[in-house]
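Before any comments, here is the structure.
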Amino acid sequence: MKLGFVSAILDQSNFEEMMDIASELGFQCVEVACWPQGKAERRYAGVSHIDAERVLADDEYAAHIQEYSKCKSVEISSLAYYPNTMDGDLEKRAAAVEHLKNLIKASAKLGVNMVTTFIGRDQTKNVEENLELVKEIWPPILDTAKEYGVKVAIENCPMLFGPDQWPGGQNLMTTPAIWKKVFEILPYDNFGINYDPSHFVWQMIDYIKPIYEFKDKIFHVHYKDIKVYEDRLNQCGIMAYPLDFMSPKLPGLGDVDWGKYVSALTDIGYDGYTCIEVEDKAFEGSKEKVLDSLKLSKKYMEQFVI
């Protein structure tokens with residue numbers, strides 16, 4: 001397994017500066033944030049270290065991305081973009097799908113051949129209605145990915161954290177039961193999972209068993225921890241906004257048993273990219289704190305991943 005991080009945490013750095021940091025800290029890969037230019041809509045979103053549209057239009061720029069990555073001995077694990085491709089607002093939906101398709105083509109041109117994203121969800125509709133939307137929206141996206149030889153890995157984050165995402169959240173693929181239904185609807189070999197155990201912790205789902213059940217669908221892995229505050233949970237219950245009773249933490253500072261998690265990955269023979277995702281508010285506010293978060297996370301995960 002190769003150890004890296006999600007580049008969104010270095011939102012104040014350009015591509016070269018971000019890759020310099022990855023190289024200096026000894027990371028083997030980065031999952032590179034590639035949002036449309038200037039489209040920040042939420043925390044950790046809107047970051048763009050690679051301009052996908054420019055990659056498609058400018059061969060010199062694309063070659064520079066490849067050469068700089070090689071020079072720094074840091075691989076690009078995937079091009080990352082986490083929008084809502086099934087947004088109830090049809091204009092937003094169309095824009096998200098268009099950029100995702102461009103990202104797929106850019107990933108192929110750069111030789112990355114992986115895109116990490118969300119499947120999306122119309123938060124005003126129930127699961128069954130959203131599964132019908134999957135049938136409508138996603139085959140053309142995956143057909144494009146298949147044509148270009150790109151894998152699409154969906155993260156299992158519910159995107160249900162506050163009132164603006166209530167009641168249904170903005171990402172449908174959040175549980176093993178729904179994974180099964182979506183994979184039946186979309187039986188593409190290049191369509192799989194970007195596995196993040198932290199989201200299963202606060203949903204009170206076993207985060208180890210699905211590794212074995214979906215071993216052939218795990219294309220990419222996140223290392224992010226979650227701390228559930230039992231006293232808060234006892235006050236507000238599981239129907240509250242999740243951030244009322246939990247918070248993201250650096251690996252090792254929350255409730256995930258990382259030894260068991262990585263052990264399960266080794267059991268299934270996973271040898272792909274694994275990226276630390278930093279969303280710990282205790283390590284925000286300065287460049288030094290951000291760098292500390294990467295150093296500490298790397299030091300901790302190197303107990304399990306060399």
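Atom set for the values below is all heavy atoms of this structure, side chains included, hydrogens, waters and symmetry mates excluded.
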Verify salt bridge (charged side-chain N to carboxylate O under 4.0 Å, His left out) between R232 and D244, making sure each step is shown before the conclusion.
-> CA-CA 7 Å; R232 299 183 195 173; D244 287 350; over 6 Å; no

Contact between [X] and [Y] at the side-chain level, heavy atoms closer than 4.5 Å - yes or no?
X    : Y    : result
F283 : L296 : yes
P248 : D225 : no
M301 : W258 : yes
D196 : E277 : yes

Any luck finding a side-chain donor-acceptor pair between [X] and [Y] under 3.5 Å?
X    : Y    : value
D143 : Y148 : no
N194 : H222 : yes
S77  : H220 : yes
N102 : E53  : yes
E16  : H64  : yes

Please check this pair: side chain of [X] against backbone of [Y], looking for a donor-acceptor N/O pair closer than 3.5 Å.
X    : Y    : value
D255 : V228 : yes
N171 : E155 : yes
T144 : P140 : yes
D122 : D87  : no

Connected via hydrophobic side-chain network under 4.5 Å: [X] and [Y]:
X    : Y    : result
Y223 : Y273 : no
V201 : I238 : yes
V112 : I50  : yes

Does the gap between the ring centers of F245 and Y229 come in under 6.0 Å?
->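 That pair fails the under 6.0 Å test.
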
Do the two ring centres, one from F161 and one from Y241, sit under 6.0 Å apart?
-> no

For W179, what residues pass the ring pair (Phe, Tyr, Trp, His ring centres under 6.0 Å) criterion, not counting sequence neighbours?
-> Y195, F200, F214

Any salt bridge between [X] and [Y], counting N to O under 4.0 Å?
X    : Y    : result
E213 : K180 : yes
K289 : E284 : no
K109 : D59  : yes

From CA spacing to verdict: side chain to side chain contact (heavy atoms under 4.5 Å, CB included), F183, M173 | CA-CA 10 Å; F183 287 137; M173 287 184 67; 4.0 Å; yes

What's the shortest heavy-atom distance between I154 and W138, and which atoms?
-> CD1-CH2, 4.0 Å

For the student: nearest non-hydrogen atoms of V305 and T274, plus distance =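 Minimum heavy-atom contact is CG1-OG1, 4.3 Å.
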
Identify, with sequence neighbours excluded, every residue that meets side-chain contact (heavy atoms from CB on, under 4.5 Å) alongside Q12.
->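 Q12: no side-chain contact (heavy atoms from CB on, under 4.5 Å) contacts found.
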
